[in-house]
Number of protein chains: 2
Amino acid sequence: MSKPKEETLAVRISRALADRIIAGQIEPGSRLRQDHVAEEFGASHVPVREAFRRLEAQGLAVSEPRRGVRVASFNLAEVKEVAEMRAALEVLALRHAAPNLTAAILDEAEAATKAGDESRDVRSWEEANRSFHRLILTPCAMPRLLASIDDLHAASARFLFAAWRADWEARTDHDHRAILAALRSRQVDAACSTLAGHVQWIGRRPVPASGGKVREAFAIVG
Amino acid sequence: MSKPKEETLAVRISRALADRIIAGQIEPGSRLRQDHVAEEFGASHVPVREAFRRLEAQGLAVSEPRRGVRVASFNLAEVKEVAEMRAALEVLALRHAAPNLTAAILDEAEAATKAGDESRDVRSWEEANRSFHRLILTPCAMPRLLASIDDLHAASARFLFAAWRADWEARTDHDHRAILAALRSRQVDAACSTLAGHVQWIGRRPVPASGGKVREAFAIVG
DNA sequence: TCCGGGAAAATTATAGATAATAATCAAGTC
DNA sequence: GACTTGATTATTATCTATAATTTTCCCGGA
């Protein structure tokens, strides 16, 4: 019934856990117990441990020797750090991708932007936003760079979902359109600097915290 | 006898293997067989598999499901990719580190540069070079960024050792000194642009290839 | 007879399951 | 405050299944 095609169990488990961590279904700081996870996936602890090592490498989990692994927690400093790393790396990727961008790709990216504008919830907005970035960056053909950017996008999504859990207001993404316009007219420098600013813009918004108080949450919205 | 201090077996195994891969003791493309590794380290295959996942995440090994894991191979394109990623990320780190740099740190970095100039072999030059970069970047206090840079340094070292296996000519590192001078006089922009150029300089040199022929090897020398 | 191609069998290695032991930590308990 | 207990994790050892690889072997053709 299952498809043990070309994927190892450890990869599937780590992806499933990553999705939950990103979606905020598992609280930061809570423990990931290998036997529980193993039981849930109908697997033994061996692939689960491998999955944990993968999550660790992605920065989604932290492991303390002999004490188990926990979902990584994060703070404003890390949000800023990820934003700046994304800016640096995405600009690099865009510079190399620009010469390879076709009109078809830019049209697809515009469609993704539109889909994002029309999104009624965070989840679908994030998906549209991610595919916009992926579309304009993938043609750089630098696998290692793209993998790093993917990991940073996962972290970004986590911050985002932590801040905007339920409600989401639709808004038109002017940055994306400016980037596309610059790319269409071959103004690579302008596109890059808009992208850098776009990615580093950190949205803030109040969220209900424990104890009936209100604290401020931060996330990368781009 | 052994010191199972604060480190898990998987971490120690992956470090040991990483050292060998970086040093070129294991050829790119050759297989890492879990049972052999397990036997060598007196461990079972479970921690070995975890070590493999770590190496994979660092880009030092590639794993094909059901076919085992091999030492990652690399080519000129990847050398360039790593060089550009290092330039982007190290510049970012330096910008944040600059305000926190003390005279003591810069003196240490100068000592590291001197040690590099006096190195008679690649191995010790690489060590001195790495500590120079680490010294001036660590004060940025961005753990995720520093971890990424560390991985890129490991890749750089691998390229370097593949090209300069035995011989090494001493040379004085003018770039390092220029960077330190700029940092001492608080010219952060100048320091950053020198660093960017320094890291992206790709040295080339002929190495004996199989079949009595000579091919050219490339590496990041900075 | 010798040779090459390819099917089938044997071998090897990986992936995973299961069970057992040791080490660690967190609470209680005296 | 020291000690004990229980829970959980880390690690090892052993075992099974399955996929890859290698070897063997057979057959047809020169």
Side-chain angles (χ1 to χ4, degrees), chain A residues 1-21 25-73, chain B residues 1-21 25-73:
Chain A
M1 205 76 291
S2 60
K3 45 163 185 177
K5 257 224 187 103
E6 290 270 332
E7 292 217 325
T8 189
L9 244 183
V11 171
R12 270 184 294 170
I13 294 175
S14 84
R15 265 212 277 272
L17 292 178
D19 280 349
R20 287 187 210 166
I21 295 172
Q25 287 166 23
I26 321 179
E27 287 289 305
S30 63
R31 310 182 62 159
L32 294 172
R33 274 172 288 223
Q34 60 180 4
D35 286 348
H36 293 201
V37 176
E39 194 182 3
E40 183 192 339
F41 287 89
S44 82
H45 76 113
V46 180
V48 172
R49 294 176 60 77
E50 293 178 51
F52 285 172
R53 295 291 91 80
R54 289 175 54 91
L55 294 173
E56 218 185 328
Q58 280 176 57
L60 293 176
V62 290
S63 148
E64 296 166 272
R66 302 250 171 213
R67 300 198 52 188
V69 9
R70 300 172 169 276
V71 175
S73 49
Chain B
M1 201 78 288
S2 60
K3 42 163 185 176
K5 252 215 193 118
E6 288 269 332
E7 293 219 322
T8 190
L9 244 182
V11 172
R12 270 184 295 169
I13 294 175
S14 82
R15 265 215 277 271
L17 291 178
D19 279 349
R20 288 188 210 165
I21 295 172
Q25 287 166 24
I26 321 179
E27 288 288 305
S30 63
R31 312 182 59 162
L32 294 172
R33 272 171 290 224
Q34 58 181 9
D35 286 347
H36 293 201
V37 177
E39 194 181 5
E40 183 192 339
F41 287 89
S44 84
H45 75 105
V46 181
V48 172
R49 293 178 60 76
E50 293 179 51
F52 285 172
R53 295 291 92 79
R54 289 176 53 90
L55 294 174
E56 218 184 329
Q58 281 175 49
L60 292 177
V62 290
S63 149
E64 297 166 273
R66 294 264 165 205
R67 300 196 57 189
V69 7
R70 300 172 170 277
V71 176
S73 49

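Bear in mind that the values here come from a model prediction, so they are computed numbers and not experimental data. Just so you know, these numbers use all the heavy atoms, side chains as well, and skip hydrogens, waters and symmetry mates. Every chain is numbered from 1 and lettered A, B, ... according to where its sequence line falls, protein lines coming before strand lines.
For the atom pair CZ of A/R70 and CG of A/L55, the computed distance is 15.5 Å after rounding to the nearest 0.5 Å. In this structure, the separation between CD on B/E39 and NE2 on B/H45 is 14.0 Å, given to the nearest 0.5 Å.
The two residues A/F52 and A/V37 make their nearest non-hydrogen contact at CZ-CG2, 4.3 Å.
In the displayed structure, A/E40 atom CD is contacted under 6.0 Å by more than 12 heavy atoms of other residues, nucleotides or ligands. Environment of CD in B/Q25: crowded, with over 12 heavy atoms of neighbouring residues, nucleotides or ligands closer than 6.0 Å.
Under 4.0 Å is where a charged nitrogen must lie from a carboxylate oxygen, and between B/R53 and B/E56 at least one such pair does.
Each of B/R66 and A/G42 lies near DNA chain C, and the nucleotide nearest B/R66 is the one positioned closer to the 5' end.
In this entry the distance linking CD1 of B/I13 with P of D/dA10 reads 15 Å, nearest Å. Atom CD in B/E64 sits roughly 15 Å away from atom C1' in C/dA15 (whole-Å rounding). Spacing between atom CG of B/L9 and atom C1' of D/dT9 amounts to 14 Å, rounded to whole angstrom units. Rounded to whole Å, the distance from CD on B/E39 to P on D/dT12 is 14 Å.
A distance-only check finds no donor-acceptor pair linking the side chain of B/R54 to the backbone of A/A57 [under 3.5 Å].
Within residues 25-38 of chain A, the residues having any heavy atom under 4.0 Å from DNA chain D are, by residue number, A/R31, A/R33, A/Q34, A/D35. Of all the residues in residues 44-59 of chain B, B/H45, B/R49 reach under 4.0 Å from DNA chain C with at least one non-hydrogen atom.
A heavy-atom distance below 4.5 Å is not found between the side chains of A/V71 and A/E27.
Residue B/R67 is in sugar-phosphate contact alone, with no base atom involved, counting any heavy-atom pair closer than 4.0 Å across all strands shown.
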